[in-house]
Amino acid sequence: MKLSYLASAAATAGAGIIAPSAPGLSGEFLKAAGVTIPMPVLAMGLCFSSAAGFIAMSFSPPEYRMDKWATLFAALLMGLLTAILHPHIPYVKDLPVQAAMMIAGLGSKKGVDRVRDLDFSLPWSKKST
């Protein structure tokens, strides 16, 4: 068998498993949640989002051990929300969806720090002294 035949057969067989239009619980859940991008693009965007969260965490190391897991969860959640809202945000819709998810993951460390300190003020508002 030729390698190209094996690659095309694997792509054809795998397309029914990972495409969001395929019947299955994960595809139906993502469509119901509002994710309109294919599963491989979403998976790669979530990888970029979590990696960006840990890159942001490397510039300011966490004070608490739980911040590592909270940053990972926040990066994945922010990446998923960005995947849902990507076509509706004016300046972000021109970017590739993975890049937008990565940018959202960069803010996860700061978000975890603010939630831990119970600081729910807007970023541009002045803090009271």
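Keep in mind that what you see is a predicted model, and the values were worked out from it rather than measured. Atom set for the values below is all heavy atoms of this structure, side chains included, hydrogens, waters and symmetry mates excluded.
Taking a cutoff of 4.0 Å between a charged side-chain nitrogen and a carboxylate oxygen, D113 and K110 do not qualify as a salt bridge.
A donor-acceptor pair is defined here as one N or O able to donate and one able to accept, closer than 3.5 Å; such a pair exists between the side chain of S50 and the backbone of C47.
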When the side chains of residues 70-89 are checked against the rest of the protein, which donor-acceptor pairs come out under 3.5 Å, sequence neighbours left out?
unit_1: T71; atom_1: OG1; unit_2: D67; atom_2: O; d: 2.6
unit_1: T82; atom_1: OG1; unit_2: M78; atom_2: O; d: 2.7
unit_1: H86; atom_1: NE2; unit_2: V92; atom_2: O; d: 3.3
unit_1: H86; atom_1: NE2; unit_2: L95; atom_2: O; d: 2.9

Please list, one pair per line, the donor and acceptor atoms closer than 3.5 Å that link side chains of residues 99-108 to other protein atoms, with sequence neighbours excluded.
unit_1: S108; atom_1: OG; unit_2: G105; atom_2: O; d: 2.8

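In plain terms, the two heavy atoms of I55 and S58 that are nearest each other are O-OG, 2.6 Å.
Two different hydrophobic clusters hold V35 and M44 under the rule that ILVMFWY side chains link at heavy-atom gaps under 4.5 Å. In this structure, M57 is not a member of the same hydrophobic cluster as V112, with clusters built from ILVMFWY side-chain heavy atoms closer than 4.5 Å.
Taking CZ from F54 and NZ from K68, the interatomic distance works out to 8.0 Å, rounded to the nearest 0.5 Å.
Judged as a side chain to side chain contact (heavy atoms under 4.5 Å, CB included), and not counting sequence neighbours, the contacts of V115 are F120.
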For S121 and R114: C-alpha separation, side-chain torsions, deciding distance, then whether side chain to side chain contact (heavy atoms under 4.5 Å, CB included) applies. CA-CA 9 Å; S121 63; R114 291 177 67 111; 3.3 Å; yes
